[in-house]
Amino acid sequence: MAHTPEILLGQDELSAVVERLGRELSERHDDGVVMIAVLRGSVPFLADLVRVMTIRTSVDFVALSPYTPGTGRVRLVMDVATNIEGKHVVIVEDIVDTGLTSAFLIGELQRRNPASVSLCTLVDRPARRVVPVPIDHTGVQIEDRFVIGYGLDHEGRYRNLQVLAIADPTVLAEDPDAYVEALYGA
Ligand code: 5GP
């Protein structure tokens, strides 16, 4: 059955949020930064963010295995290629939810003696936070709702949407394609 999601941020609103964050980062780090994006959800956000920044930036990527209660920890599956020692680093996240991913990555990068590590997230959802995470730059803060689009997926779907939408996890559990018709057209 087709369902229509609520649009949380449309294209223009997303652009405005990204532009503000780009300005904040450019003002704070006028001597250049290494932007480290967490694969794969933060790729569209990173791509738009670096293009509105007005300072020298390089980009790099990490892949992390999500925290699973069984293993009890997040693991680094793919590391950055950049030597970050002495550099200002900005972690770029799609969403900070439990905080486990970001807390792990901050700790991992800090051990390499960068000049600084800060965290920039498009979405902050504090309702389910398990570990406290210092967020330096926040796009939007949301209630305890599941979001898709603009990088955020459900089973690999919806990442390439130009909007951020609120989806019902029970609807998605029943039919992962439930929002395809409404969001992509029939
Ligand atoms: P954490 O719980 O460690 O803060 O977040 C881990 C990851 O879970 C996020 O980077 C994101 O990929 C995924 N995630 C958390 N909340 C949502 C959500 O509302 N929607 C989607 N699509 N992914 C989410």
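This chain uses plain numbering: 1 for the first residue, then up along the sequence. Order of listing sets the numbers, starting from 1, for every ligand and every atom in it.
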Checking the N or O distance criterion of under 3.5 Å, is ligand 1 in contact with [X]?
{"X": "R125", "value": "yes"}
{"X": "D97", "value": "yes"}
{"X": "G99", "value": "yes"}
{"X": "V147", "value": "yes"}

Checklist entry - Out of L49, D60, V89, which residue meets the side chain to side chain contact (heavy atoms under 4.5 Å, CB included) rule with M35? => result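 With M35 as partner, L49, D60, V89 yield a single side chain to side chain contact (heavy atoms under 4.5 Å, CB included), made by L49.
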Checklist entry - Among V33, I55, L25, which one satisfies side chain to side chain contact (heavy atoms under 4.5 Å, CB included) with H88? => result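 Among the candidates, only V33 passes.
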What closest approach, in Å, do [X] and [Y] show between heavy atoms, and which atom pair accounts for it?
{"X": "L119", "Y": "S102", "result": "CD2-CB, 3.9 Å"}
{"X": "L122", "Y": "F45", "result": "N-CE2, 3.5 Å"}
{"X": "T98", "Y": "R129", "result": "O-CD, 3.4 Å"}

Does the pair [X]/[Y] count as a salt bridge with the N-to-O cut at 4.0 Å?
{"X": "R157", "Y": "E155", "result": "yes"}
{"X": "E24", "Y": "R20", "result": "yes"}
{"X": "D79", "Y": "R112", "result": "yes"}

Hey, which atoms in ligand 1 end up nearer than 4.0 Å to a heavy atom of [X]?
{"X": "T101", "result": "1 (P), 3 (O), 5 (O), 6 (C)"}
{"X": "D153", "result": "21 (C), 22 (N)"}
{"X": "E93", "result": "10 (O)"}

Give the residue, atom name and distance (to 0.1 Å) of the protein heavy atom nearest [atom].
{"atom": "atom 1 (P) of ligand 1", "answer": "T98 OG1, 3.3 Å"}
{"atom": "atom 23 (N) of ligand 1", "answer": "L152 CD2, 3.6 Å"}
{"atom": "atom 13 (C) of ligand 1", "answer": "I95 CG2, 4.2 Å"}

Next on the checklist: Judged on heavy-atom distance to atom 12 (O) of ligand 1, which of V133, D124, D94, V96 sits nearest?
Outcome noted: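 Checking each option, the heavy atom nearest atom 12 (O) of ligand 1 is found in D94.
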Next on the checklist: Please report whether atom 8 (O) of ligand 1 has a protein non-hydrogen atom at a separation of less than 4.0 Å.
Outcome noted: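 Within 4.0 Å of atom 8 (O) of ligand 1, no protein heavy atoms are found.
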